[in-house]
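Written out below as structure tokens is the structure these notes cover.
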Amino acid sequence: KITYYEFMRKSNSLAAALADKGICKGDRVLMLLPDSPQAIMGLHAIWKAGAVACPCNPCSTESEIENALRYTEAVAVIAADNMYSTVKKLQPPSCKCIIASDQAEYGSAISRSIYQLFKRKKNGFNATPGQVDDRLQALLRRYKDSGRPWIELEPTDPAVIVQGSS
């Protein structure tokens with residue numbers, strides 16, 4: 001479980017980390033995350049950094065990920081840890097960073113154990129922190145007191161408005 005306060009603090013921290021990595025207003029950030037707290041946190045952080053979130057199915061094939069990177073012109077990627085090696089192999093020169101998210105982080109003790117035993121072994125992902133550009137949890141700790149970055153909006157900035165029907 002995560003409280004609203006904790007969620008806002010963590011999404012602000014990730015937004016500050018993105019801004020510190022050179023992600024600017026209007027930049028595109030590809031998200032390769034399953035439905036998870038990290039996906040929602042990443043989405044909010046990308047928006048808070050003034051960037052454009054480009055969600056991509058985490059079950060995508062290598063060629064689909066390559067196409068997504070090319071068509072979105074993403075300057076950063078937030079990916080599930082089991083997708084890291086694929087994204088790293090396909091990383092275009094314009095992509096400033098890849099952030100690996102440990103999907104077991106927010107599960108129960110049982111679900112974390114199952115994830116460790118089956119998912120990681122099946123997908124062959126056993127990267128140590130030194131092998132990845134950045135880890136989501138490490139960035140959240142490093143930028144925990146940074147607050148939300150300041151993004152100035154102009155009346156001419158494009159916007160996407162999502163409105164639900166009642």
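It should be emphasised that the depicted structure is a prediction, and the values quoted were computed from it without experimental measurement.
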Steps toward side chain to side chain contact (heavy atoms under 4.5 Å, CB included) verdict (E66, L69): CA-CA 5 Å; E66 186 175 26; L69 285 165; 5.7 Å; no
Selection residues 90-99 - residue pairs positive for side chain to side chain donor-acceptor pair (under 3.5 Å), sequence neighbours left out: K88-Q91
In one Ile/Leu/Val/Met/Phe/Trp/Tyr side-chain cluster, 4.5 Å: V52, L43: no
Which atom of D134 lies closest to which atom of C97, heavy atoms considered: OD2-CB, 4.3 Å
Rounded distance [0.5 Å steps], OG1 in T3 versus NZ in K10: 9.0 Å
Separation between CG of D27 and NZ of K21, rounded to the nearest 0.5 Å: 14.0 Å
Closest non-hydrogen atom pair, A49 against P149: CA-CG, 4.2 Å
Value rounded to 0.5 Å, distance of OG in S85 from CD in E62: 9.0 Å
Within one Ile-Leu-Val-Met-Phe-Trp-Tyr cluster: Y71 and V87, side-chain cutoff 4.5 Å: no
Side chain S63, main chain T61, donor-acceptor under 3.5 Å: no
Rounded distance (nearest 0.5 Å) linking atom SG of C56 with atom CE of M83: 7.5 Å
Smallest separation among heavy atoms of A15 and A45, with atom names: CB-O, 3.4 Å
R28 and I46, any side-chain heavy atoms less than 4.5 Å apart: no
Reported CD-to-CZ distance for the pair Q137 and R142, which is rounded to 0.5 angstrom: 12.5 Å
pair I98-I78: side-chain heavy atoms closer than 4.5 Å: no
Rounded distance (nearest 0.5 Å) linking atom CG of L140 with atom OG of S101: 9.0 Å
Cluster check L14, F7: I/L/V/M/F/W/Y, side chain < 4.5 angstrom: yes
L139 reachable from I2 in the ILVMFWY side-chain graph, under 4.5 Å edges: yes
Partners passing side chain to side chain donor-acceptor pair (under 3.5 Å) against K48 (at least two apart in sequence or in another chain): S11, N12
hydrophobic_cluster_shared for Y143 and W47, side chain cutoff 4.5 Å: yes
Residue from L90, V75, V77 passing side chain to side chain contact (heavy atoms under 4.5 Å, CB included) with C95: V77
